[in-house]
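For the numbers below, each heavy atom of this structure counts, side chains included, while hydrogens, waters and symmetry mates do not. To find a chain, count down the sequence lines: A is the first, B the second, and so on, and within it residues start at 1. Keep in mind that this is a model prediction, so the values were computed, not measured.
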Protein chains: 2
Amino acid sequence: MRNIYLDTQELEKALKIFQENILKFFYKLESETISSKDAFGRVSRNAIYAKYSSPAYHSSAMDGVMVKSEMTKYARENKPLFLKNEDFIFCNTGSALVKGYDAVIMIEDVKIEKDGITIMKAVNPWENIRIQGEDVVEKDLLFTSFHKFSSVDLSVLIASGITEVEVLKKVKLAIIPSGNEIIGEEDELKIGKIIESNSAMLISMARENGIDTLLYPIVKDNKDDIKTVLEKALNECDFITLIAGTSAGSKDYAREVLEEMGEVYAHGLSIKPGKPAILGKIGETPFVGLPGYPVSAHIIFDKIVISTILKKMRVNIEDKLILKAKLTRPIISSLKNREYIRIKIGIVDGKLIATPLDRKAGSLYSLSESDGYVIIDRNIEGYNRGDVVNVSLHRPIPKNVLENRIVSIGSHDIVLDVINDLLAIENKNTRLSSSHVGSLSGFKALSEGDSLIAPSHLLDKNGTYNNDAIKLFFKNEKVGKINVVGRRQGIYVEKGNPLGIKTIEDLLDKTMINRQRGAGTRLLFDYLLDKKNIDKYKIKGYDNEVTTHLSAALAVKNRDCDFSIGVESAAIKMDIDFIYLKDEEYQFIVKEKNLKLNSIKDIIEILKSKKFKDTMEKLGGYNTDKSGSIII
Amino acid sequence: MRNIYLDTQELEKALKIFQENILKFFYKLESETISSKDAFGRVSRNAIYAKYSSPAYHSSAMDGVMVKSEMTKYARENKPLFLKNEDFIFCNTGSALVKGYDAVIMIEDVKIEKDGITIMKAVNPWENIRIQGEDVVEKDLLFTSFHKFSSVDLSVLIASGITEVEVLKKVKLAIIPSGNEIIGEEDELKIGKIIESNSAMLISMARENGIDTLLYPIVKDNKDDIKTVLEKALNECDFITLIAGTSAGSKDYAREVLEEMGEVYAHGLSIKPGKPAILGKIGETPFVGLPGYPVSAHIIFDKIVISTILKKMRVNIEDKLILKAKLTRPIISSLKNREYIRIKIGIVDGKLIATPLDRKAGSLYSLSESDGYVIIDRNIEGYNRGDVVNVSLHRPIPKNVLENRIVSIGSHDIVLDVINDLLAIENKNTRLSSSHVGSLSGFKALSEGDSLIAPSHLLDKNGTYNNDAIKLFFKNEKVGKINVVGRRQGIYVEKGNPLGIKTIEDLLDKTMINRQRGAGTRLLFDYLLDKKNIDKYKIKGYDNEVTTHLSAALAVKNRDCDFSIGVESAAIKMDIDFIYLKDEEYQFIVKEKNLKLNSIKDIIEILKSKKFKDTMEKLGGYNTDKSGSIII
């Protein structure tokens, strides 16, 4: 049987109904007593009052001598006063005040003589004394009920004599992965199988928020099995989440099971990613069905599961920081859903820019890479390139990270990864933040102020590289080129070259996967076809595109096509055959005024280093003779 | 022997010399291999490349039917197309693409018939297919060396087939408390002893930053003992901290020992709190002597120990958030030191205000209470009341916490704690943030826009409360009063009243501790003395001040004086005797326009609740008949 979604609901409305039905009933704010030393991040159950004052008695606030202030009152700079040994007591910071004494003179203000001391100024009663209870008075309220303890709070507790505290027990959350196609990380990955990877992320998110988890074995798409594990989880946990099986597919049983065992409050939310979520309860236990796509699971887990548990524990959730940044690409969104667009932030020419990343719910890596979300509400069609948008950050970005991030938009090469890793190894803060759109689009982005560098390898009419494009895109601004690597372009074919491809002419009756429009590799291929008067549209699959050399090589390795095109290093990495076509220069295009930036200097330093040359040599297919030299 | 400080140094300079001498040598970036599931917050040792692509094969991106796109090309809304059962395959999200098929049609766009399906539109090749490697291509660089893993990263690792990662070992940090007067929390607290409470805070701070600690037993102020424990720590840890013994007192051996065993780079820093710090090394192991005062220890541990270790591990430290806020009190600072002033933030009439807290290095509670620091650099004398200052937040404050914080400046009563605890128990976000300056200063603060409410109990000439002050301070603005409690004022005397005090006249030859200038309790006492024509300055100790009822009661309990004055509840709490003088009204003064704020409504709700009345009755000395009623 196939489900259809109940009416999709707005997140806030669904969450409200859900919480109204479950907040009162689950997890009864039970408590446990723990050592105050272990109370960091835990939440007090009751008000906590000081057992001792702090300080616990009057004491000296500094190293010096204890005196009776009355005796010092005529001491002056120009009229020093001598005190006999029986009239004062040497003391250290923290020494208890001796009965009869009422002030302390700093050791720096005391001249030590044979039978006593000379002082140069008077002290007032209680001067330099820490009064008992100055910080905390015994029986003072230290912390109210439901207070979340910081590191400093632990010392406050202990200094006030509170060695144990009653805190809320941690909520126990069941995480149940499901799906016939899902396997454990220890199992062999075969076609049709997917490694269960969501739970690691969810457990870690829960732990960060002080929530305990219990991970159940992967359950099959089968009503009885699901029911059995739910029964078990009901006995063992305060809150249940089931991963996948929440959509409207023929094997999605979550809703059906939930309807039989408990109540459904929402099925389908009008957010993207995150739509196929289910909210309900079984008995008094809240149930949330999480979508199987990792980005969707992340959003639903964060916005519904964690926020509900923290609300019950009365823990305030920190606001997300908002940055305003300029969009480098338009975003179009459907009016039906609120959409969360992953964003990478950068600084170009002193301005914050926001680059939208992959929007697919399955693209976990783009979530890992992203700094935050732009949220496009329902009934809003999207934003234009150049619009200033609010980016809601996942977590604060340290300023020096942002300032040392080089926004790179243009052609792709594995060398970008090598540079980044060497920067990290050499303990530089500089990092490349790369988008792979091809050389031509990279030039456009650079000229429009969306990037700091454009990696490019566009062949000029006269055989040099990138000069024609510079003339075209930069009429009024000086631009420099940094030589990165020389590399070998060619044709990717299956290992052993079973089709016997030797020259470009052999490609006519073969199927290809191409690089995206504007990619230097594609333009080079077009140029070579042109020279031989071959009609490129006669090549099957000419319009099928991928955006990196590795993806192109993978397509050949997996026989999705007969051949593809790209640089030699990717062929070596993928262990396929490579038919050489042409040498070329891969360069970073940079506005001349930016060549003096420290981050750019770091890049040049890396390119010139022996480690870089050694690494590239090991990869194969690269020439590093000119790496790091600048052409203006 | 007494030390004197080496020349005090600026923090940055001292830190630079310290790091130049130790960064290369300690903790050799050793690594260990752990399960990817446990990698949250850990730092990669090497670059990590994907083992599998993700998705690992072409698969359906949705629930629907797999088709050959070619066959669908004539399907239109007004020209539906029928596909026979052998021409399509039902599939779920994630199903592997079957060889020969190249697109998927959403289930919602399919009409299921008896022997096949009807479709209403064409699909393009690869439509609704997740291409193999769409998220990650095998051999892609996933993370560079020295990458700190987030929760999402764990799933990226596992989805790409990386079940184990090589990460940096945690730095092991020795924490050695010292001091003859220091005792463990399990020991009995006697006069002259101090509970060791710093280590709990420091261990928790270290743990938060991914640093392992080893806590040593408390060592005596004795060179040999200190040397012995340092030798032990050198063998067991990567970095050593010694708490206390770092100042210039006669029992401060840290510098001497360090000079004998290793090298001293700085002794004495020009910051406050934090001055008595020592930076050095023993062999290749960094050594930091932390001041014994908790706030000083906190600052030095944060700014020197943690920042140095994270720098070595190449972990970026998040910037502190800065809020701009208006100072409610002037701050004067010495030109010699950079000073860190603890600040509590609030919102009054829509403006952010910054209230300076206790500045003493021993006042840990004020650090726990504070939201951040105002930093006053050397050579700056301080700031005036009303200046807008930068407050560097310890951690972000959620907006709803700030908005629901009622800034209360004025008279002190235990009822303020009771209200706060009941607000927490009743799950309200509203909290009182109180400064205790006395009724009169409270009126001043309210009239100048520094607070939202002023707790006050000023007796009017005609026997009512607070009306005279309202007339005086608020000529043009309407102000309301909220009745909080009626309470009994009187004289605090030792349990059993050994001096036989019965009336005010009996106080003339006794010693007192008074409340601060402007406190309603003090004004009431003055008024009563006046009525009896007693010269207040004849009472010994009239000028000795404390700021809360509990402090006043404590002073009597500990026989620091013969009597004090205050409300009955504090006497009951401290278990001393109380001689009744007068009933009075304790009220919250609020600008009329603010009475409608939700936070104020929450307070009134609490004041009217049975729980409140019950709690106050239990405390004793209070009358709650009028609690929560408003007088305008």
Side-chain angles (χ1 to χ4, degrees), chain A residues 37 40 47 52 56-57 63 92 94 96 130 133 135-137 139 141 144-146 151-156 158-159 163 181 185 189 191-192 194-195 197-198 200-201 204-205 248-249 251 294 314 316 318-319 362-365 367-368 396 398-399 401 417 420-421 424-425 427 550-551 554 573, chain B residues 37 40 47 52 56-57 63 92 94 96 130 133 135-137 139 141 144-146 151-156 158-159 163 181 185 189 191-192 194-195 197-198 200-201 204-205 247 249 251 294 314 316 318-319 362-365 367-368 396 398-399 401 417 420-421 424-425 427 550-551 554 573:
Chain A
K37 289 176 181 166
F40 175 77
Y52 302 135
Y57 45 86
D63 302 326
N92 285 298
R130 293 190 70 208
D135 193 21
V136 168
V137 176
K139 304 190 179 168
L141 178 90
T144 66
S145 309
F146 305 108
S151 296
V152 174
D153 294 344
L154 310 192
S155 287
V156 169
I158 293 167
T163 55
E181 73 284 18
E185 57 173 54
L189 180 58
I191 295 287
I194 297 171
I195 304 172
S197 61
N198 281 327
M201 165 179 80
S204 176
M205 289 166 74
K251 287 182 293 179
R314 308 184 187 189
N316 282 295
E318 277 177 20
D319 309 306
S363 179
L364 187 60
Y365 187 69
L367 180 61
S368 154
K399 212 174 147 205
V401 170
D417 291 343
N420 256 350
D421 192 42
I425 290 171
N427 210 355
L550 271 180
S551 305
L554 178 67
K573 231 179 171 179
Chain B
K37 288 176 181 165
F40 175 76
Y52 302 136
Y57 46 86
D63 302 327
N92 285 299
R130 294 190 71 208
D135 193 20
V136 168
V137 176
K139 303 190 182 169
L141 177 89
T144 66
S145 308
F146 305 107
S151 296
V152 173
D153 295 343
L154 310 192
S155 287
V156 169
I158 292 166
T163 55
E181 74 284 17
E185 59 173 53
L189 179 59
I191 295 287
I194 297 171
I195 304 172
S197 61
N198 281 327
M201 165 180 80
S204 175
M205 289 166 74
S247 187
K251 288 181 294 178
R314 309 184 186 187
N316 283 295
E318 277 176 19
D319 308 307
S363 179
L364 187 61
Y365 187 70
L367 180 61
S368 154
K399 210 172 147 204
V401 169
D417 290 344
N420 257 350
D421 193 42
I425 290 170
N427 212 355
L550 270 180
S551 305
L554 178 67
K573 230 178 174 180

Open item on the list: What I'd like to find out is whether the side chain of A/Leu154 reaches to under 4.5 Å of the side chain of B/Met201, using heavy atoms alone.
Closed with: no
TODO: Taking the side chain as every heavy atom from C-beta outward, state whether B/Glu185 and A/Ile158 have any pair of such atoms under 4.5 Å apart.
DONE: yes
Open item on the list: As an exercise: rank B/Glu181, B/Arg314, B/Lys573 by heavy-atom pairs under 4.5 Å with chain A and give me the winner.
Closed with: B/Arg314
Task: Option that, when pairs with chain A are counted at under 4.5 Å, heavy atom only, ranks first among B/Ser368, B/Gly133, B/Gly94 - done: B/Ser368
Open item on the list: Test of understanding: with side-chain hydrogen bond (donor to acceptor under 3.5 Å, both in side chains), list the residues that count as partners of B/Ser145, not counting sequence neighbours.
Closed with: A/Asp421
Task: With A/Tyr52 via side chain to side chain contact (heavy atoms under 4.5 Å, CB included) - residues at least two apart - done: B/Leu189, B/Ile195
Open item on the list: Looking only at side-chain N and O atoms, does B/Thr144 offer a donor or acceptor that is under 3.5 Å from a partner on A/Asn420?
Closed with: no
Open item on the list: Quick check on B/Val156 against chain A: is it the side chain, the backbone, both or neither that has a heavy atom closer than 4.5 Å?
Closed with: both
Write down the atom of [X], the atom of [Y], and the distance for their closest heavy-atom approach.
X        : Y        : answer
B/Tyr365 : A/Leu141 : OH-O, 3.7 Å
A/Pro398 : B/Glu318 : CG-CA, 3.8 Å
A/Tyr57  : B/Gly192 : OH-C, 3.1 Å

Between [atom1] on residue [X] and [atom2] on residue [Y], distance to nearest 0.5 Å:
X        : Y        : atom1 : atom2 : answer
B/Leu364 : A/Asp153 : CG    : CG    : 8.5 Å
B/Asn316 : A/Lys399 : CG    : NZ    : 14.0 Å
A/Met205 : B/Ser155 : CE    : OG    : 9.5 Å
A/Lys139 : B/Leu550 : NZ    : CG    : 8.5 Å

Can you tell which of [options] has the highest number of heavy-atom pairs within less than 4.5 Å of chain B?
options                                : result
A/Asn427, A/Ile194, A/Val401, A/Asn198 : A/Asn427
A/Ala56, A/Pro294, A/Ala159, A/Ala424  : A/Ala424
A/Ala96, A/Ser151, A/Ala47, A/Ala200   : A/Ser151

